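Proteins get letters first, then strands, A, B, ... in listed order; numbering begins at 1 in each. None of the values given here were measured: they were computed from a predicted structure.
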2 protein chains.
Amino acid sequence: MEKYVPVLKRTRLFSGVTQEEISSMLTCLGARLFSYKKGEYVLRQGEHLRDIVVLVEGRVHIQRDDYWGNRSILGRIDVGEMFGEAYVAPESGVLLNDVVAVEDSTVIMFDVRRVITTCPSGCRFHSMVVQNMFFAISEKNRKLVQKLGHMSRRTTREKLISYLSEEAERHSSSAFTIPFNRQQLADFLSVDRSAMSNELCKMRDEGLLEFEKNNFRLL
Amino acid sequence: MEKYVPVLKRTRLFSGVTQEEISSMLTCLGARLFSYKKGEYVLRQGEHLRDIVVLVEGRVHIQRDDYWGNRSILGRIDVGEMFGEAYVAPESGVLLNDVVAVEDSTVIMFDVRRVITTCPSGCRFHSMVVQNMFFAISEKNRKLVQKLGHMSRRTTREKLISYLSEEAERHSSSAFTIPFNRQQLADFLSVDRSAMSNELCKMRDEGLLEFEKNNFRLL
DNA sequence: ACAAAGCGGTTGTATTTACAACAGAAAAGA
DNA sequence: TCTTTTCTGTTGTAAATACAACCGCTTTGT
């Protein structure tokens, strides 16, 4: 677990905390390490979760397959980001989504109750972690709203423009690489893959953008 | 402001805190009272927000009008619920949505920094408020994901079923009243009003549900 | 009481999407 | 290297949607 302390230091959750301090907090926070192969489920719909999970290696998707087999990708988690924070409340019930490794991945799970409750003894920087946790969870909140903004667009084209514009802004560049292949992007925007592929090519032909594989450039 | 202490007591934020304790915390938390007439803006897109806002009277909508005039209702806030918690982080930037009173409404604003930082002197129950805040913000998170679930449905009918099913479950009854008129419901689900109205009537004719005004019953 | 505004339902048409099926290119695996 | 699988783009058709326009009813405000 010590191996990943440098990764943890760069996360939002441990922002402003030194590696030594993180090391000494691991036990206090009930940290446990788990690894998953590509395609494996980290968490499953219906399970109970009593942990905050930080991804320290790989990439996972938060997704859900409905009754008819339609897959929705609700979000992607990159190294250093966390998930499960929506279930910190005792009465929050079971997980509504699956979490799946899209690459070989490693996570560290922290006991929720130990994270949000400052312990009386030691752990001088625990209160900073509590505050970081606030900021992280509220940032996640804004991201969800942003995604709702994409989803509330009526047409596939509008959804694409909404999403790609955000990515361009996030990268501070009109050229960027997206972390999805076509099927995943379609699942993320909740549209049909072939229809989206079609629309993408139309937009390219109209001179709105260029792309090659996952590399895009808005014009 | 004292007038609303009983209302605050029943909110998620002050769960487990007595009225006397709330009264004594108001100053500590930098509470301020504001009232709005139906239709007035509580907050506007582009503004900076440094407060947690609790609705103590009326009802407000979190919404956004895009470049073309399409309105999206991202969420509704009822008495006792809070909003603005997505902007607690110092670097969270400006508001991305409008907050509009859909009835005459009254809110109490609390200084963010004072809420999430326990003060060294007095305020014995402040730490409980911090924990409540965690639970509330994480619950909001789940709600957003739930809404994403509705939005990710492909057709108007599926969106309606997804939304109405959730409402039925929330009310623990197949009969319930929704807090939207037709136009608002359409804005909430990001579909065309007339198309939705049409679909709703089709579903009624097929015997899937009954409705009269805002009262629905699933069959 | 009356006029004006808002609400809910209906219809027709042009547009857009979902779905299925297929083909070539690229990637993965044996 | 060869085979298999995955990925991406393309096309055609049936289905669903957006949009505009209209009507009757209810609510609001004067």
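Where DNA chain C meets chain B (any atom under 4.0 Å from a heavy atom), the bounding nucleotides read 5' to 3' are dC7(C) to dA18(C). Contact footprint of chain A on DNA chain D: nucleotides with an atom under 4.0 Å from a non-hydrogen protein atom, first to last in 5' to 3' order, dC7(D) to dA18(D).
Between R182(A) and S190(B), the one whose closest nucleotide on DNA chain D sits nearer the 5' end is R182(A). In terms of position on DNA chain C, the residue among Q183(B) and T156(A) whose nearest nucleotide sits closer to the 5' end is Q183(B).
Base contact: D192(B) has a heavy atom under 4.0 Å from a base atom. R193(A) comes within contact range of at least one nucleobase, with a heavy-atom separation under 4.0 Å.
In summary, the aromatic rings of F176(B) and Y163(B) are positioned with their centroids too far apart to meet the 6.0 Å limit.
Paired with D78(A) under the rule salt bridge (Lys or Arg N to Asp or Glu O under 4.0 Å), one option of R59(A), K143(A), R10(A), R12(A) passes, and it is R59(A). Of the listed residues (L43(A), L96(A), I52(A), V94(A)), just one forms a side chain to side chain contact (heavy atoms under 4.5 Å, CB included) with Y87(A), and that residue is L96(A).
Near DNA chain C, defined here as any heavy-atom distance below 4.0 Å, the residues from residues 194-214 of chain A are S194(A), A195(A), E199(A), K213(A), listed numerically.
The shortest distance between side-chain heavy atoms of V191(A) and E199(A) does not fall below 4.5 Å.
Cation-pi geometry between K140(A) and F83(A) is not satisfied (NZ or CZ under 6.0 Å from the ring centre, within 45° of the ring normal).
Comparing the start and finish of the helix from dA1(C)-dT30(D) to dA30(C)-dT1(D), five pairs each, the helix axis swings through 60°, to the nearest 10 degrees.
Under the ring pair (Phe, Tyr, Trp, His ring centres under 6.0 Å) criterion, Y4(A) pairs with no residue at all, not counting sequence neighbours.
In the displayed structure, R204(A) atom CZ is contacted under 6.0 Å by more than 12 heavy atoms of other residues, nucleotides or ligands.
Pairs of residues two or more places apart, or lying in two chains, that qualify as side chain to side chain donor-acceptor pair (under 3.5 Å) and include a residue from residues 33-43 of chain A are S35(A)-T106(A).
With values rounded to the nearest 0.5 angstrom, T156(B) atom OG1 is found 10.0 Å from M203(B) atom CE. For the atom pair I73(B) CD1 and H61(B) NE2, the distance stands at 5.0 Å (nearest 0.5 Å). Between the CG atom of L8(A) and the OG atom of S23(A) there is a distance of 9.0 Å, given to the nearest 0.5 Å. To the nearest 0.5 angstrom, I62(A) atom CD1 is 9.5 Å from D98(A) atom CG.
Judged purely by atom type and a 3.5 angstrom limit, K159(B) has no side-chain atom pairing as donor or acceptor with the backbone of A186(B).
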